Amino acid sequence: MTENPGATVQIDSQPQIATIPTPEQNSKPALPCSLGPVIAGSLAFILTLACIGAAMYLSREEDSVVRIYHFVVAQKAIPIGDRTFIVNTINGDIKGPAIHVRRGETLSVKVTNKLSDSGLTLHWHGFHMRTMQVYDGVAGVTQCPIAPGETLLYEFVVDEAPGTYWYHTQNGVNPSGQDFVRGPLIVHDVNDTIASLDDPYLDPSNRDVVLFYRDLYPNFLGLDLPLWLGGKTAIGDDSVEGDGISSRTFVWTNGVLNGEEQAEIKVRNGEYRFRIINGGDNFAYFFSIDSYKLTVVAVDGNPVEPYETDIILVHVGERFDILITFEIETPTQDVWIRAMTTSEKQDKGIFGVLRVRQNTSVPFSDVTPAEKERPVNMEDSHVLNCKFFDTPQINCHPVTDLVPFVEQTSLNSSSTDTDEAAANDNELVEEIHTIDFDFIERVAGWFVSIDQGTFTQNLMSKLPLIMSLAENETSPHTLALPIHTNKVVAIVLRNKSRKNIPIHLHGHTLEILEVATRKTSTCDKNVCPLLDLTTAFSVPIEELVKRQEGGVLKSTVPVPPGGAVVVRLHTDNPGVWLLHSSVPVHSVGGLALVINVGDFMFSQTDTPADYPSCDFSGRLQTEQVATCTCSGEELGREGLVAKCSRPWTCGE
Ligand SMILES: *[C@@H]1O[C@H](CO)[C@@H](O)[C@H](O)[C@H]1NC(C)=O
Ligand SMILES: *[C@@H]1O[C@H](CO)[C@@H](O)[C@H](O)[C@H]1NC(C)=O
Ligand SMILES: *[C@@H]1O[C@H](CO)[C@@H](O)[C@H](O)[C@H]1NC(C)=O
Ligand SMILES: *[C@@H]1O[C@H](CO)[C@@H](O)[C@H](O)[C@H]1NC(C)=O
Ligand SMILES: *[C@@H]1O[C@H](CO)[C@@H](O)[C@H](O)[C@H]1NC(C)=O
């Protein structure tokens with residue numbers, strides 16, 4: 001594991017940058033680690049080159065550091081196990097480059113779309129994008145997608161707390177756009193060293209390891225849409241083993257850890273930080289490492305008091321940072337890292353091998369750990385983040401067990417609030433809203449209700465929302481919840497369906513106050529009645545939302561089947577921000593709305609020169625009718641397409 005010394009050289013502002021690897025050159029670093037051939041040029045830039053496949057380099061001008069990447073996105077056939085998957089790759093690799101950036105630095109990612117038929121965007125999951133909403137990367141809200149053959153430069157100052165984030169496409173449901181490209185995004189503190197790495201997923205000098213999970217589907221790109229959306233038969237399946245997807249709709253077949261079917265993670269005695277990221281499409285995973293306790297120290301980029309557990313349930317979009325201290329007394333230890341789906345049999349999942357060596361004199365070798373088939377003993381294990389139904393099952397602890405580490409992260413602390421909010425600590429919450437979700441089987445779509453109003457489907461306007469708002473062209477059907485700026489607001493999220501829904505809000509951090517579950521017996525096959533808000537929580541909601549203690553802070557919160565979650569947030573970031581399920585098939589099926597903070601008006605003059613034009617025919621895939629009246633009989637696979645008049649499925 002070579003640590004690149006971070007050689008500093010002077011080069012011209014244009015030059016070798018052009019040697020960025022294209023997909024054809026791909027996967028191997030195009031820039032030699034030795035940096036030999038780099039030539040001194042203008043004094044304007046001093047570049048520190050890192051030799052990683054991601055074609056990252058640094059541009060340093062006095063104190064401001066720009067971390068520059070070029071992502072070329074294209075389809076490629078990738079062999080995984082005994083199958084070949086056709087996937088969207090970045091620079092030819094299924095393993096999206098791990099971006100490392102320090103707080104305060106500028107991140108500059110040039111994205112070139114070499115897909116044949118699909119638009120493309122990149123969203124920075126967990127980033128607030130304060131004043132930089134134009135780069136939030138949501139097709140239909142903040143931009144039109146980058147059309148095939150086009151390029152967009154996402155460039156912004158990173159003003160996020162140090163922690164674990166990720167990036168991914170947020171682009172509706174074009175055939176290949178649905179197979180998101182994605183990768184880890186790590187923010188380091190201003191003074192942290194970021195070694196230039198051979199493998200940016202494993203930073204040996206900082207003992208910092210990224211564990212990035214995603215699921216995979218054979219011929220994903222060729223999936224027909226009615227199948228995605230369920231269809232009559234698939235949705236009827238009662239087994240809930242995915243993360244909001246019934247198993248017959250989306251059968252779990254494969255997944256990868258750090259781009260490999262069975263990745264090897266190599267460590268030596270000492271303390272390591274593992275950054276677990278579920279960057280998948282559907283499935284939640286029970287994460288565990290054989291023989292080890294996990295000490296959780298951060299969730300979704302927010303530090304928490306150290307919390308010991310055996311297993312963590314990680315839903316799509318969630319991140320957990322854990323610490324493990326290795327102090328083996330034998331020379332070697334090889335154990336399984338397990339990420340199992342929630343299937344009762346625990347027979348499906350992603351395995352990795354953790355290779356622990358006592359010290360640097362003990363070599364790494366291929367040893368297959370024993371007992372792969374042995375399921376983790378769930379009954380005797382402490383499991384974090386897995387509230388399902390209220391029936392006793394495994395030893396589940398809600399994520400609200402976690403306590404924010406920094407005192408001032410609580411929303412009752414004045415330092416993060418405006419004076420206005422701090423002035424009335426006891427009457428902190430000024431608005432309470434309710435957002436309910438329902439999966440309507442007969443149209444195989446998601447419907448959303450705001451403040452207990454009509455259930456409706458998301459309807460995007462023709463232009464990206466930030467622009468249509470400016471032009472007063474918002475469709476009356478656009479599902480938007482207006483909220484004032486600089487308020488402390490509570491939102492109750494309720495789920496009628498029998499699946500866990502990981503809800504993600506852009507632009508803001510959610511403070512999780514309480515997670516409520518329900519008894520299985522009160523649910524019908526796929527549908528649960530909405531929880532009664534007057535009795536669902538430990539105390540009445542009006543009291544709960546004024547609670548003084550700060551709750552755990554997250555950017556993505558799973559809403560249990562038939563359950564509810566109360567969150568608080570501080571609306572200090574004006575803009576229109578997407579609130580949606582981080583399971584893509586949910587959000588494109590209607591489980592999405594926008595929160596319009598501060599009656600936001602976007603100025604067209606804020607658009608960058610290369611802002612994608614909206615004339616690409618695949619620009620928006622999300623336009624839907626507000627209601628859909630198909631009858632059950634019409635819902636054959638073709639029937640859904642023909643009768644529900646959803647342009648994205650009809651191709652009208
Ligand atoms: C970073 O280092 C500088 C110089 O040593 C110091 O003044 C500053 O407080 C440090 N910042 C943080 C966040 O540690
Ligand atoms: C390194 O590990 C080997 C194998 O266990 C052991 O024999 C040796 O004493 C260790 N060296 C040090 C410096 O601890
Ligand atoms: C926040 O609430 C907790 C619990 O009541 C209290 O101990 C703490 O002092 C409060 N913090 C601030 C900054 O008011
Ligand atoms: C949009 O409508 C608002 C309220 O009616 C009005 O104040 C504003 O001038 C309009 N903006 C444009 C660009 O027409
Ligand atoms: C609610 O439950 C349904 C069915 O169980 C599920 O499909 C849906 O994803 C859930 N929605 C939310 C918001 O939790």
Side-chain angles (χ1 to χ4, degrees), residues 1-3 5-6 8 46 48 50 58-67 99-107 124 126-128 130-132 156-165 185-197 202-209 264-273 275 289-292 297-306 319 321 323-335 353-370 404-410 413-417 509 550 553 572:
M1 291 177 221
T2 317
E3 268 178 51
T8 300
I46 300 172
T48 303
L58 276 178
S59 153
R60 225 176 247 279
E61 197 166 3
E62 295 177 1
D63 283 344
S64 97
V65 173
V66 184
R67 296 197 176 260
I99 297 177
H100 292 264
V101 61
R102 286 193 203 92
R103 185 174 206 170
E105 294 176 344
T106 297
L107 181 59
W124 319 94
F127 275 27
H128 287 183
R130 200 176 294 278
T131 74
M132 286 288 161
F156 47 87
V157 174
V158 173
D159 178 29
E160 311 297 334
T164 306
Y165 304 83
L185 171 55
I186 312 300
V187 179
H188 298 269
D189 215 340
V190 286
N191 293 336
D192 285 354
T193 55
I194 304 181
S196 298
L197 306 168
L202 171 62
D203 174 352
S205 57
N206 291 326
R207 294 185 165 160
D208 195 324
V209 181
E264 295 186 0
I265 305 296
K266 298 172 177 176
V267 300
R268 298 200 163 86
N269 273 357
E271 185 184 70
Y272 282 75
R273 174 183 290 252
R275 302 174 184 271
I289 301 179
D290 288 1
S291 310
Y292 284 96
V297 293
V299 288
D300 294 1
N302 301 287
V304 294
E305 296 283 353
R319 293 91 68 199
D321 287 15
L323 297 182
I324 297 182
T325 302
F326 299 100
E327 36 195 15
I328 59 168
E329 288 170 5
T330 54
T332 71
Q333 184 191 42
D334 298 86
V335 295
V353 180
L354 179 68
R355 303 198 182 284
V356 191
R357 298 296 177 262
Q358 194 175 354
N359 57 45
T360 51
S361 69
V362 188
F364 289 102
S365 52
D366 293 339
V367 178
T368 305
F405 177 67
V406 186
E407 337 164 348
Q408 306 206 329
T409 54
S410 161
S413 94
S414 54
S415 72
T416 54
D417 288 358
T509 299
L553 301 177
D572 59 356

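Just so you know, ligand 1 is whichever comes first in the structure, and atom 1 is the first atom listed for that ligand. Predicted model, so just to flag it, every value in this text is computed and none were measured.
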Residues lining ligand 2 [heavy-atom distance under 4.0 Å, listed by chain and residue number]: P331, Q358, N359, S361, V362

Charged N-O contact under 4.0 Å between R275 and D321: yes

pair H100-I186: side-chain heavy atoms closer than 4.5 Å: yes

Side chains of V353 and P369 in contact at under 4.5 Å (non-hydrogen atoms): yes

Backbone or side-chain N or O of N191 under 3.5 Å from ligand 1 N or O: yes

Verdict with reasoning, H128 to T509, per side chain to side chain donor-acceptor pair (under 3.5 Å): CA-CA 8 Å; H128 287 183; T509 299; 2.9 Å; yes

Validation row: T131, F156 side chains within 4.5 angstrom (heavy atoms): no

Donor-acceptor under 3.5 Å (R355 side chain, I265 main chain): no

Side-chain heavy atoms of F364 within contact of R268, under 4.5 Å: yes

Ligand-side contact atoms (ligand 1) for residue partner V190, heavy atom cut-off under 4.0 Å: 11 (N), 12 (C), 13 (C)

